[in-house]
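No hydrogens, no waters, no symmetry mates; every other heavy atom, side chains included, goes into these values. Each chain gets a letter, A, B and so on, in the order the sequences are listed, and its residues count up from 1. Since we're looking at a predicted model, the values are computed, not measured.
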Number of protein chains: 2
Amino acid sequence: MSLNKYRFAMDEIQKFREYIREKGLRNTPERELIIEEIFSNHDHFDAEGLFLRLRNKMKRVSKASVYRTIPLLIECGLIKEVYFEDGHLHYEHIYGHRHHCHLRCICCGSVVEFADDRIPRLQNQIGKKHDFLVTSHRFEILGYCSECAPGQGMQGTCRPSGRGHAGNQG
Amino acid sequence: MSLNKYRFAMDEIQKFREYIREKGLRNTPERELIIEEIFSNHDHFDAEGLFLRLRNKMKRVSKASVYRTIPLLIECGLIKEVYFEDGHLHYEHIYGHRHHCHLRCICCGSVVEFADDRIPRLQNQIGKKHDFLVTSHRFEILGYCSECAPGQGMQGTCRPSGRGHAGNQG
DNA sequence: ATATTTATTGAGACTCATTATCAATAATAC
DNA sequence: GTATTATTGATAATGAGTCTCAATAAATAT
Ligand SMILES: [Zn+2]
Ligand SMILES: [Zn+2]
Ligand SMILES: [Zn+2]
Ligand SMILES: [Zn+2]
């Protein structure tokens with residue numbers, strides 16, 4: 001179980017080690033701890049949360065190192081930024097994950113991923129129409145999840161904050 | 001010309017004045033200056049840029065007032081937030097503007113607006129499939145505009161910065 | 001008009017996410 | 001092992017955005 005836990009992240013960790021070496025950088029225990037933690041599950045994450053997860057497991061890594069490692073992981077194609085509107089950046093794994101978009105509850109913040117073949121088609125048609133060389137798209141659908149849908153049941157769980165709001169971002 | 005310049009913003013300005021009054025707030029010269037500046041064109045804008053535009057025209061309004069007026073304009077349905085990934089919020093007019101999405105150049109930051117009937121259909125189908133009560137969507141297509149397309153002509157105009165990058169956001 | 005009430009203003013303090021600095025440390029190469 | 005130099009952690013700095021508060025000025029009543 002504990003052994004298996006990190007088994008599936010071996011590809012990512014290996015890819016990172018190679019990237020570091022190719023770039024003439026150095027593999028360090030801090031970086032190992034950070035990527036092990038990131039790839040110990042498939043969830044979206046943010047820098048602060050990642051830092052706290054490490055800290056709670058007594059893996060002492062400075063916040064600065066967490067912030068410094070994230071761009072390396074982006075550069076080597078293991079993660080990418082996702083934009084929720086809660087005022088700070090979130091990230092998700094991309095290595096071994098097919099491209100997808102997000103459905104997000106504006107009440108509790110929960111996120112559901114979806115993929116649809118029609119989206120890249122649409123993207124390309126629209127790009128061509130406006131003379132753009134399209135490289136990517138971001139499609140986010142906002143609304144209420146079944147738990148939060150107004151009219152029925154509990155909608156009192158909503159806790160909007162400052163700008164946008166956070167929530168259990170799966 | 002100068003008279004005409006603000007003619008088309010009369011609806012917006014009037015709507016704002018009424019909203020302020022209905023809410024028991026007060027119309028002030030500062031607020032007038034801010035909304036006149038915002039609706040003096042149809043462009044996207046951000047708080048800092050708006051503040052500087054006012055300042056350059058010798059319309060002295062504090063940054064705090066700029067930041068305080070924006071939420072009022074959102075509440076009364078005149079503008080809304082748009083999310084570009086350059087680390088701060090942008091806004092656009094919605095009163096009298098049909099819903100649209102953005103095509104954005106990752107090189108120079110230029111923005112083209114587009115609308116497509118298939119998008120709301122897609123949004124609703126996907127929402128239904130995942131048991132979400134959909135309220136809105138955000139679809140952004142990223143790529144290179146014709147000026148910046150790699151391979152031909154000038155791509156040296158790219159000036160990426162910190163996180164994402166700014167540019168001439170039309 | 002004048003007074004009263006209270007929303008608004010501007011300046012600056014503050015927050016929070018993120019980035020930069022820098023001396024001490026520790027990977028790698030020789 | 002020694003030299004080189006990337007990395008670390010602590011902390012300062014930044015920058016967008018918010019909050020505070022005393023002074024000001026709309027709206028309204030007198
Ligand atoms: Zn929900
Ligand atoms: Zn995702
Ligand atoms: Zn361009
Ligand atoms: Zn727009």
Side-chain angles (χ1 to χ4, degrees), chain A residues 16-35 44-52 54-55 58-76 79 81-91 160-166 169, chain B residues 16-35 44-52 54-55 58-76 79 81-91 160-166 169:
Chain A
F16 180 70
R17 287 191 187 125
E18 280 161 27
Y19 176 78
I20 288 297
R21 210 152 283 154
E22 280 165 18
K23 230 195 152 187
L25 304 178
R26 291 169 189 178
N27 283 303
T28 67
E30 290 81 2
R31 286 177 177 160
E32 291 281 320
L33 290 173
I34 292 167
I35 58 175
H44 297 161
F45 65 95
D46 57 24
E48 178 74 12
L50 175 56
F51 171 72
L52 292 175
L54 284 161
R55 159 158 298 204
M58 309 302 276
K59 313 273 177 73
R60 299 218 138 257
V61 181
S62 74
K63 201 173 280 193
S65 287
V66 169
Y67 274 103
R68 280 188 289 231
T69 302
I70 287 173
L72 294 173
L73 289 165
I74 292 175
E75 283 168 31
C76 82
I79 65 173
E81 295 178 341
V82 290
Y83 300 91
F84 299 146
E85 306 92 280
D86 62 347
H88 68 275
L89 285 168
H90 296 248
Y91 307 90
S161 69
R163 14 176 188 173
H165 67 286
Q169 273 121 12
Chain B
F16 181 70
R17 287 191 188 126
E18 281 162 25
Y19 176 78
I20 289 296
R21 210 154 280 156
E22 279 165 19
K23 230 194 152 188
L25 303 178
R26 292 171 189 176
N27 282 302
T28 68
E30 289 81 4
R31 285 177 178 160
E32 292 281 321
L33 290 172
I34 292 167
I35 58 174
H44 299 159
F45 65 96
D46 57 24
E48 177 73 14
L50 175 56
F51 171 71
L52 291 176
L54 285 161
R55 160 157 297 205
M58 309 301 278
K59 313 273 177 76
R60 298 216 138 259
V61 181
S62 74
K63 202 173 278 193
S65 288
V66 169
Y67 274 104
R68 281 186 290 231
T69 302
I70 287 172
L72 294 172
L73 290 165
I74 293 174
E75 283 168 31
C76 81
I79 65 173
E81 295 177 342
V82 290
Y83 300 91
F84 298 146
E85 307 91 276
D86 62 347
H88 68 275
L89 284 169
H90 295 247
Y91 307 90
S161 70
R163 15 177 189 174
H165 66 286
Q169 274 119 13

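- When every heavy atom of B/V61 is checked against every heavy atom of B/F51, the shortest pair comes out as O-CE1, 3.2 Å.
- With rounding to the nearest 0.5 Å, the separation of CG in B/L73 from OH in B/Y19 is 9.5 Å.
- Nearest-nucleotide assignment on DNA chain C puts the 5′-proximal partner with B/I20, out of B/I20 and A/L25.
- The distance from atom CG of A/L54 to atom C1' of D/dT8 is 15 Å, rounded to the nearest whole Å.
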Pair A/R60-A/E30, side-chain contact (heavy atoms from CB on, under 4.5 Å): steps then yes or no: CA-CA 8 Å; A/R60 299 218 138 257; A/E30 290 81 2; over 6 Å; no
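- Following rounding to the nearest Å, B/L89 (CG) and C/dA17 (C1') show an atom-to-atom distance of 14 Å.
- For the pair B/I34 CD1 and C/dT8 P, the computed distance is 12 Å after rounding to whole Å.
- Per the geometry, CD1 belonging to B/I70 stands 10 Å off C1' belonging to D/dG17, to the nearest Å.
- Across all strands, A/R68 comes closer than 4.0 Å to base atoms (heavy-atom distances).
- Of the two residues near DNA chain D, B/R21 and B/Y91, the one whose nearest nucleotide lies more 5' is B/Y91.
- When the C1' atom of C/dT15 is taken as reference, atom NE2 of B/H88 falls 19 Å away, rounded to whole Å.
- Contact of B/R31 with C/dT8 (side chain to base): no donor-acceptor pair of N or O atoms is detected under 3.5 Å.
- Residue B/E30 contributes atom CD, which lies 14 Å from atom C1' of C/dA11 at whole-angstrom precision.
- Between A/Y67 and C/dT18 there is a side-chain N or O to OP1 or OP2 distance below 4.0 Å.
- Between A/Y83 and A/L89 the shortest side-chain heavy-atom distance falls below 4.5 Å.
- Side-chain N/O atoms of B/T28 include one lying less than 4.0 angstrom from OP1 or OP2 on C/dT9.
- In this structure, CD of B/E48 is placed 9 Å from C1' of D/dA16, rounded to the nearest angstrom.
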